[in-house]
There are 2 protein chains.
Amino acid sequence: MAATIRDVAQASGVHVSTVSRTFSAPHLVNAETRTRVLAVAEDLGYRPNRAARALTTGRTHNLGLIVADISNPFFPPLIKAAQAHARTRDYHVFVADTDEDPLVEEELIQTLTKQVDGVLLCSPRLSNRAIERLHADVPFVVVNRRVKGMPTVLMDVRYGARLAIDHLTGLGHRRIALLSGPSGSWTSKEMYETAAAAGGVDLVIIGPNAPTEEGGLAVAAEVIASGATGVLAYNDLVAIGLIEGLYERGVQVPADISVVGVDDIVAGRLNRPKLTTVAMPTAAAGRMAVDLLLQSVDDGGAATLATLATSLVVRESTGQARA
Amino acid sequence: MAATIRDVAQASGVHVSTVSRTFSAPHLVNAETRTRVLAVAEDLGYRPNRAARALTTGRTHNLGLIVADISNPFFPPLIKAAQAHARTRDYHVFVADTDEDPLVEEELIQTLTKQVDGVLLCSPRLSNRAIERLHADVPFVVVNRRVKGMPTVLMDVRYGARLAIDHLTGLGHRRIALLSGPSGSWTSKEMYETAAAAGGVDLVIIGPNAPTEEGGLAVAAEVIASGATGVLAYNDLVAIGLIEGLYERGVQVPADISVVGVDDIVAGRLNRPKLTTVAMPTAAAGRMAVDLLLQSVDDGGAATLATLATSLVVRESTGQARA
DNA sequence: GACAATGATGCAACCGCTTGCACTAATGTG
DNA sequence: CACATTAGTGCAAGCGGTTGCATCATTGTC
């Protein structure tokens, strides 16, 4: 159906290899021949078949991007940045969603393996062991998880969590609840360790929770019961859900309880009250991850570790603790 | 590096064709041989190379899914449903984001063409003409747009819009503002035509608008100035943004102005006030689209048109018009 | 017991493209 | 002017699979 390299070769009176070179190594073919071939190709609507090319070169020029949950607004900016950045390098990014399920994640990686040159693993739920095993088959870069010997992009969660807690204590909050995330989450662990290390804080751990509004909504009663006046939520969705749940129970934010989220998603800015949150450089992380991955694909891969800075955005969901 | 079919053939003492059949036509090979081959394959960690297979079969077992904006919460449920459904058919779905840009959309389709068996085009921004032209290269199914001669999945926007407007007029609203969407949007056009056809309504069109919170936020002043007491927004995001904008200007929803959204995204349920909205069957649409696409890939494609029912979900953002 | 049908496997061409090597003609060098 | 370069192109072997056809035992049938 579609024109192949042979059609073009025939129609322009040269050998297929010349056509091939016209596209993949133009400097090797005579300028005149090249323009003629290109004209014919254009005419026939010929486009090189990437899959066939991949067969001989071993490069698909595709990247896989695996996320736990595409409907978590944390990911889209990362995905978009990664896609846009990859496109400038003539790579395409295929996105897949694991539904927070490690098994699906593993299966997805397996099938992706042969179709991409590398995989961006964002906030994986798989164990480090499993990731290391899978790594034999295809280059990875891991985002939001520390895996030894693998290129990694981290956002400085500890620093962000530290800022959040200092902010809360600075407002006079002494009893602080930490709403943790899914059990496989590295971010959640980092937050916990930071909070646990903070002095002068009476820490309550609530969770693990689903990293969604529902997750926050569900623990509102528990938060109230805990007696905490400050809350650091696993992410903005959880924070928003929690605030809604508190509101339904007549608890005011920030008058009664202060809430800090993590991620700085758009919805946080439109929430009422506007959310105080730890901003994550997701777009930068997406671009950086692509860079590291391509580098790793080409050079065989140094296990670079990039840590991106986070910051605290103070809005309206936090305030002075009651006396 | 990785084991190929030839390695397996050699190691199990059969011809490559037998190995091939073991995987793609097991009933053609002796049970005993099959188990032996499978064991060896397992042992060597062999997995059929899908790209190579695609070369001869012409089937990649991949589907492309193109959306205008992955960060619009309308899409993720559709994407997830499509991915999950496709997986049950041994197909994989690759998602790509066009950033609302028709040019990127076209380019994306072009590159996807050879790597997938078909493309799900969701809420395209391309012209019908362009879509029809591209259709020569790869099977499509279009979601949220009516394109002649092409398998199509529609959600009954007219009916939904009709319900919304009847709801508003039923509450005594006479002057109604319609916040339209992006200019290429079919949904927006449908909404407009429905609203225009509704009798006894004083209609104000505001737009086109970006289909985001920002889009709604930006026209709050204009809505107030229009004197409308009821608003039908292009989608929930626009509605939420608008409500926020109205709130900032001291206008109460629904006391002063009633707002209806479209899509029924999760955030609408957590907004304050909770959003009255036209529910769109996005997950069902995703599954249906995959079904139609696979059917079209196999059978060469009947241009089925599936229209999915919509409904109105009344919550708190609408109320009686002031006298 | 002869012959057809059936089941299991091997053979080899092919899918669309890349690439090392060989070849020819033109160019440069002393 | 003979010879070494170099530029441009063709040749053909793959990449990792699939598949129509041929081959060869078996088994079934009368």
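Chain letters run A, B, ... following the sequence lines, proteins first and then strands; every chain starts at 1.
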Worksheet item: For N30(A) and dT27(C), what is the distance between atoms CG and P respectively, to the nearest whole Å?
Response: 12 Å
Worksheet entry | Main-chain N/O of S185(A) paired to S188(A) side chain as donor or acceptor, under 3.5 Å | no
Discussion item. Is the shortest side-chain heavy-atom distance between Q115(B) and N62(A) below 4.5 Å?
Written reply: yes
Worksheet item: Within the structure, does a side-chain N or O atom of S20(B) lie under 4.0 Å from either OP1 or OP2 of dT18(D)?
Response: yes
Worksheet item: Taking atom C1' of dC15(C) as reference, at what distance in whole Å does atom NZ of K114(B) sit?
Response: 13 Å
Worksheet item: Given atom CZ of R34(A) and atom P of dT9(D), what is their separation to the nearest angstrom?
Response: 10 Å
Practice prompt. Using whole Å, report how far CG of L28(A) lies from P of dT9(D).
Written response: 10 Å
Practice prompt. Compare side-chain N and O positions of H15(B) against OP1 and OP2 of dT9(C) and report whether any pair is under 4.0 Å apart.
Written response: no
Discussion item. Going by side-chain contact (heavy atoms from CB on, under 4.5 Å), I66(B) matches just one of V95(B), I109(B), V104(B). Which one?
Written reply: I109(B)
Worksheet item: Is F23(B) touching bases, backbone alone, or none of the nucleic acid, heavy atoms closer than 4.0 Å?
Response: nothing
Discussion item. From CG of N49(A) over to P of dG16(D), roughly how many Å is that when rounded to an integer?
Written reply: 16 Å
Practice prompt. Map V16(B) and V29(A) onto DNA chain D by nearest heavy atom, then report which one ends up closer to the 5' terminus.
Written response: V29(A)
Worksheet item: Nearest-Å distance, CZ (R59(A)) to P (dG16(D))?
Response: 14 Å
Discussion item. Rounded to whole Å, please give me the gap between CD in Q115(B) and P in dC17(C).
Written reply: 13 Å
Practice prompt. Taking only Lys NZ, Arg NE, NH1 and NH2, and the carboxylate oxygens of Asp or Glu, determine whether K80(B) and D69(A) approach each other closer than 4.0 Å.
Written response: yes
Worksheet item: Is the closest side-chain heavy-atom distance between E106(B) and L134(B) below 4.5 Å?
Response: yes
Worksheet item: Got a donor-acceptor pair under 3.5 Å from the side chain of R21(B) to the base of dG10(C)?
Response: yes
Practice prompt. Nearest-nucleotide wise, let me know which of R36(B) and A52(B) is further upstream toward the 5' end of DNA chain C.
Written response: R36(B)
Worksheet item: Can you find a side chain N or O atom of S17(A) that sits less than 4.0 Å from OP1 or OP2 on dC11(D)?
Response: no
Worksheet item: Can you find an N or O donor on one side and an acceptor on the other, under 3.5 Å apart, linking the side chain of R50(B) with the base of dG17(D)?
Response: no
Practice prompt. Using atom CZ of R53(B) as one end and atom P of dT19(D) as the other, report the distance to the nearest whole Å.
Written response: 9 Å
Worksheet item: Of the nucleotides dC17(C), dT19(D), dT19(C), which has the atom closest to the T57(B) side chain?
Response: dT19(D)
Discussion item. With a cut-off of less than 4.0 Å, is there a side-chain N or O of T33(A) near OP1 or OP2 of dT9(D)?
Written reply: yes
Worksheet item: Reckon V19(B) touches a base, only the sugar-phosphate, or nothing at all at heavy-atom distances under 4.0 Å?
Response: nothing
Worksheet entry | Side-chain N,O (T56(A)) to OP1/OP2 (dG16(C)) below 4.0 Å | no
